[in-house]
Amino acid sequence: MSHLIIKQINKSFGNHAVLKNLSLTVNDGEFVSILGPSGSGKSTLFRLIGGISLPDNGDIYLNEVKINGRRGSISYMPQSPALLPWRNILKNVVLGAELQGPYDTKIALQMIERAGLKGYEHHYPHELSGGMQQRVSFIRALLSPQKFMCLDEPFSALDEFTRLDMQKWLMDVWSEYRRSILFVTHNIEEAIFLSDRIIILSERPATVKHEFVIPFPRPRHEGLLLTEEFLHFKKKVYEKMQK
Amino acid sequence: MKQLIKKGWRPVSVIILFIIVWEVACQAFEIPTWLLPPPSDIWNEAINGWGQYSKHISSTVQLAVVGFLVGSSIGIIVAILLYLIPFMRDAFYPVLIISQNIPVIVSAPLLIIWFGFGMLPKVIIITLVCFFPITIAALDGFRQTNRDLLHYMQMAGASKLQIFKKLEWPHALPAVFSGLKISATYSVMGAVISEWLGANKGIGVYMTLASSSFRTDRVFVAIILVIILSLLFFSLIVYIEKKLVRWKPIEEGNAHESFNH
């Protein structure tokens, strides 16, 4: 069970309001994307959920427990892979778990193999391509004991081909583990393709502008990206973002 | 080996040329040997005088090693304390800077007055010369911790101690080693200076005796010994660094490209 409720959050820096009356929920096993223009306060929202900074008012609940300012309640995948360059892949993958307590190397090795990185366990991050590094970063988040995952524009630095591969891979892994995921992106297509629900944020100060439930059934395949319905839906989302 | 020759021939030929000019100049201008002995004289003294100075070397090496170990440990501990406790940083950073503005040649006699002629004042002198480069280098290393990595660690719920042990310390290791390399060469110099001020053995003593009896060739032998010892210490640290720091630090922007190299 992991289920996130954000209630009426406000956050400002000095005179700049960044988040205003922002409320959202992520249900157990749900994949929710947040779409918003750059600088709309998505990172600030993640900092609040991660407990690095405190909201001016409003509350964040994870499984009915208030987690305002409580670090380590979620597992996290950042925009850059953020792998420790002096640790090999195996040691990097277990870092998230290691921070919380004892961990299981056997499961880690299985996950590495499932991610198609077998043979790279003892390589160092600089020997891997960008896409491979992001996979390592995702496994690290998946192996952390916290069941709720926050993904912060994880594929934004990748090229188009790698990105699609990664999206498909992420969907595969996710449909197996069914973690609750809060995913931040500014790519509409990616958001529709991956999510159960999309939340659109306004410009600063950010508040929830609109919410879409994605009607496409799972499992989804890349062919979906070119169907009439998909493009139509993308247009609807696009129009809402413009207003 | 090939690379060593490729890179090394330039400095080696400069040194050889320098020695030839020196030798020829000494002969041609008939410079008295007490003023400037020719390299051949220094060479002869280095070979024949081994029995004279060998006992001094071990004493200096011992002093330098002990001083370096004490100095670098203190340097690292001071850096960690100053970094982790902001109050300490505010209070002691200026004191540290001031401590480096007092020349050793001034503070050393004081230390002799307080602690006598034994090992202790000498180790203190070497420590004073050694700890500063390490403290500064380590502090810089801690402060330059990669922001992305730090952000990840915080989001993942790492405690302050975990962040230090798992991120900041390993991240600063290359910087710490730059400090250690500087201090390793300083430690030999520190040992020699401390021996000048009062000891019965050591390269510093050998040097003082040589210069007061106008054995300039021996002074040069002492200089060469100091150079060799410093280089040996330096290479030892480089060797340890290579063993310990096997990863490449992240350079801006090449995190994704590096796969292609």
Side-chain angles (χ1 to χ4, degrees), chain A residues 43 46-53 67 69-88 91-92 94-101 120 122-134 137 140-141 143-146 149-152 154 157-159 162, chain B residues 76 80 84 137-138 140-180 238-261:
Chain A
S43 316
F46 267 4
R47 293 178 72 86
L48 296 178
I49 299 173
I52 298 182
S53 50
I67 56 161
R70 231 168 77 181
R71 290 189 186 185
S73 313
I74 50 131
S75 63
Y76 179 63
M77 177 179 181
Q79 191 168 353
S80 65
L83 306 175
L84 302 185
W86 50 86
R87 286 185 173 218
N88 62 27
K91 285 274 168 58
N92 259 299
V94 296
L95 177 64
E98 184 187 313
L99 294 173
Q100 307 300 326
Y120 286 98
H122 301 291
H123 282 59
Y124 286 85
H126 71 263
E127 299 170 295
L128 270 62
S129 71
M132 289 158 108
Q133 290 185 18
Q134 280 298 29
S137 173
R140 178 175 63 185
L143 285 171
S144 305
Q146 305 95 332
M149 296 178 80
C150 287
L151 277 57
D152 188 359
L158 302 176
D159 62 81
T162 318
Chain B
I76 290 170
I80 293 174
L84 290 183
D140 272 353
F142 294 147
R143 264 187 258 135
Q144 281 162 8
T145 304
N146 184 292
R147 293 288 115 192
D148 288 346
L149 296 181
L150 185 62
H151 180 69
Y152 168 76
M153 293 295 271
Q154 289 173 332
M155 285 295 283
S159 66
K160 208 177 170 188
L161 192 69
Q162 282 178 324
I163 290 181
F164 183 76
K165 266 167 58 182
K166 295 182 197 296
L167 174 63
E168 287 165 329
W169 171 252
H171 198 278
L173 215 51
V176 171
F177 268 103
S178 332
L180 287 176
V238 172
Y239 176 76
I240 296 172
E241 183 184 15
K242 275 200 177 140
K243 286 274 152 202
L244 281 181
V245 186
R246 286 194 164 156
W247 54 281
K248 294 180 188 164
I250 306 173
E251 280 152 37
E252 296 279 304
N254 79 351
H256 302 297
E257 300 163 359
S258 48
F259 184 63
N260 304 321
H261 295 311

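These numbers were taken from a predicted model, which means no experiment stands behind them. All chains are named by letter (A, B, ...) in the order of the sequence lines, taking the proteins before the strands, and each is independently numbered beginning at 1.
Neither the backbone nor the side chain of B:L173 comes within contact range of chain A, judged by heavy atoms closer than 4.5 Å. Neither the backbone nor the side chain of A:Q79 has a heavy atom closer than 4.5 Å to any heavy atom of chain B.
Here the side chain of B:Q162 pairs no donor or acceptor atom with the backbone of A:Q100 at under 3.5 angstrom.
Ranked by heavy-atom pairs under 4.5 Å with chain B, the first of A:R87, A:E98, A:Q146 is A:E98.
In this structure, the side chains of A:L95 and B:M153 come closer than 4.5 Å at one or more pairs of heavy atoms.
Contact record, A:W86 with B:K166: CZ2-O, 3.4 Å, taken as the closest heavy-atom pair. The two residues A:G96 and B:Y152 have their closest heavy-atom pair at CA-OH, 3.6 Å. The nearest pair of heavy atoms linking A:L83 to B:L149 is O-CD2, 3.5 Å.
Qualifying side chain to side chain contact (heavy atoms under 4.5 Å, CB included) partners for B:K243, counting only residues two or more places apart in sequence or in other chains: B:Y239, B:R246.
Annotation: the span from A:S43 atom OG to B:M155 atom CE amounts to 9.5 Å, rounded to 0.5 Å.
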Contacts under 3.5 angstrom, residues 69-76 of chain A side chains, donor-acceptor by atom type, not counting sequence neighbours:
residue, atom, partner, partner atom, Å
A:S73, OG, A:R70, O, 3.1
A:S75, OG, A:A141, O, 3.3
A:S75, OG, A:F148, O, 3.4
A:Y76, OH, A:D152, OD2, 3.4
A:Y76, OH, B:H151, NE2, 3.1

